[in-house]
Number of protein chains: 2
Amino acid sequence: MEWLNAEEKDAWTGLVSLLLLMPGRLEAPLQQESGLSLFDYLVLSHVSEAPDRTMRMSELAHLANGSLSRLSNVVKRFEQRGWVVRSPDPDDGRYTVAFLTDEGYEVVEAAAPTHLRTVRQFVLDPLSAADRQALTRIAAKLSVTIPPP
Amino acid sequence: MEWLNAEEKDAWTGLVSLLLLMPGRLEAPLQQESGLSLFDYLVLSHVSEAPDRTMRMSELAHLANGSLSRLSNVVKRFEQRGWVVRSPDPDDGRYTVAFLTDEGYEVVEAAAPTHLRTVRQFVLDPLSAADRQALTRIAAKLSVTIPPP
DNA sequence: ACTGTTGACTTCAAGCGTGAAGTCAATGGA
DNA sequence: TCCATTGACTTCACGCTTGAAGTCAACAGT
């Protein structure tokens with residue numbers, strides 16, 4: 001088995017730093033100002049953009065890039081805070097839908113500027129347009145190889 | 001505050017998928033075959049490459065992209081398994097050094113092929129050389145903006 | 001020489017994520 | 001019609017990470 005050449009090692013080392021360090025950086029402002037993790041924010045954000053602010057749990061887990069188990073735990077917390085209501089899908093009782101309450105909407109609305117500022121500061125602004133396009137392309141290639149959850 | 005345009009959103013969406021999904025993918029084979037997380041492997045790997053297989057904890061935390069707190073907990077586990085020995089640095093008692101035992105070396109040696117195969121499969125092989133160089137460049141730009149821990 | 005400060009590191013305690021196990025509704029086959 | 005299967009989802013229990021608090025050695029100032 002062949003070890004990494006210099007170019008490969010640079011790419012891998014860069015990526016692993018990104019993977020291990022960037023989440024914490026993105027979360028810190030959100031956590032401090034809104035008490036939300038990045039995943040929390042993504043969940044709230046996606047369901048806030050859904051028709052009638054209602055989305056199936058399975059779809060939500062997929063959009064927020066998390067497992068159903070993780071989502072269930074998170075949404076349970078949100079439900080206890082009155083931000084989300086879960087109920088069986090009227091169209092098919094096998095599914096569960098999550099509905100974002102007005103209170104939950106206010107939470108994500110209040111957190112959005114912080115989130116946006118953080119994303120710009122730590123991700124978008126340091127990169128050129130070409131870098132951003134490359135990042136989009138690379139992420140797409142790497143996602144294709146990721147087996148469905 | 002201006003919301004993301006399409007290009008920015010694609011880059012951001014791609015990155016966040018990468019950040020949330022890739023770690024799990026990289027870890028699964030390691031976890032199954034060696035019982036190691038990615039961070040576990042990085043810690044063992046870096047100290048295995050140090051002179052005399054000995055490295056200061058602070059340096060090790062930096063190289064493995066983790067906090068001192070996280071590293072301390074991980075190395076404590078390793079110490080209990082006989083893979084690592086911690087002792088005060090003879091040159092300066094304020095520091096602690098981690099030494100990789102023969103047993104610990106065997107663990108990282110045995111895990112390396114799995115790790116390498118996984119990195120190739122999920123990161124390097126799906127990308128062109130240009131992509132890998134772009135990834136290196138992008139990661140460097142994004143790391144520069146990350147404040148020191 | 002004494003002591004406050006600083007930085008490295010460990011420990012604590014709480015919250016979170018994970019895989020496994022369990023529950024339930026709908027489907028499909030006999 | 002019955003029931004095994006399938007897939008969505010929840011819960012459980014354990015291990016891990018985190019930020020805060022605590023400990024210690026060395027340094028710097030008086």
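Every chain is numbered from 1 and lettered A, B, ... according to where its sequence line falls, protein lines coming before strand lines.
Side-chain atoms of B:E33 and B:P113, non-hydrogen and from C-beta on, never get closer than 4.5 Å to each other. The closest side-chain heavy-atom distance from B:V47 to B:T54 is not below 4.5 Å. The side-chain heavy atoms of A:L26 and A:V123, taken from C-beta on, include a pair separated by under 4.5 Å. Within the 4.5 Å cutoff, the side chain of B:R56 has heavy atoms near those of the B:D92 side chain. The side-chain heavy atoms of A:F78 and A:V107, taken from C-beta on, include no pair separated by under 4.5 Å.
Across all strands shown, B:S67 has heavy atoms under 4.0 Å from sugar-phosphate atoms exclusively, and none from any base.
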Under 3.5 Å between N/O atoms: give me all the protein pairs with nucleotides 7-11 of chain C, atom names plus distance.
from: C:dC9; atom 1: OP1; to: B:T96; atom 2: N; distance (Å): 2.8
from: C:dC9; atom 1: OP1; to: B:T96; atom 2: O; distance (Å): 3.0
from: C:dC9; atom 1: OP2; to: B:S58; atom 2: N; distance (Å): 2.6
from: C:dC9; atom 1: OP2; to: B:S58; atom 2: OG; distance (Å): 2.8
from: C:dT10; atom 1: OP1; to: B:R86; atom 2: NH1; distance (Å): 2.7
from: C:dT10; atom 1: OP2; to: B:S72; atom 2: OG; distance (Å): 2.8
from: C:dT10; atom 1: O5'; to: B:S72; atom 2: OG; distance (Å): 3.2
from: C:dT11; atom 1: O4; to: B:S69; atom 2: OG; distance (Å): 3.3

Strictly under 3.5 Å: I want the nitrogen or oxygen pairs between protein and nucleotides 1-5 of chain C, one per line.
none

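Here the P atom of nucleotide C:dG15 and the CD atom of A:Q80 are 12 Å apart, to the nearest Å. The CZ atom of B:R25 sits 13 Å away from the C1' atom of C:dT18 (whole-angstrom rounding). At whole-Å resolution of the value, CG in B:L38 and P in D:dT17 are 11 Å apart. A:L20 places its CG atom 15 Å from the C1' atom of D:dT18, with the value rounded to the nearest Å. Note: CG (B:D89) to P (D:dA25) measures 14 Å, nearest angstrom. Here the P atom of nucleotide C:dG15 and the CD atom of A:E27 are 16 Å apart, to the nearest Å. The CZ-C1' distance, from A:F78 to C:dC16, rounds to 12 Å in whole Å. Atom C1' of nucleotide C:dG17 and atom CZ of B:F39 are separated by 17 Å, given to the nearest angstrom.
Under a 4.0 Å N-O distance rule, the pair B:R117/B:D125 does not qualify as a salt bridge.
Residues forming a side chain to side chain contact (heavy atoms under 4.5 Å, CB included) with B:R132 (at least two apart in sequence, or on another chain): A:E7, A:E8, A:A11, B:L124, B:L127, B:A129.
Atom CZ of residue A:R25 and atom CG of residue B:L142 lie 12.0 Å apart, to the nearest 0.5 angstrom.
Where A:G93 and A:R70 each meet DNA chain C at their nearest nucleotide, the meeting point lying more 5' is that of A:R70.
Note on A:L19: it clusters hydrophobically with B:F122, by side-chain heavy-atom contacts below 4.5 Å among ILVMFWY residues.
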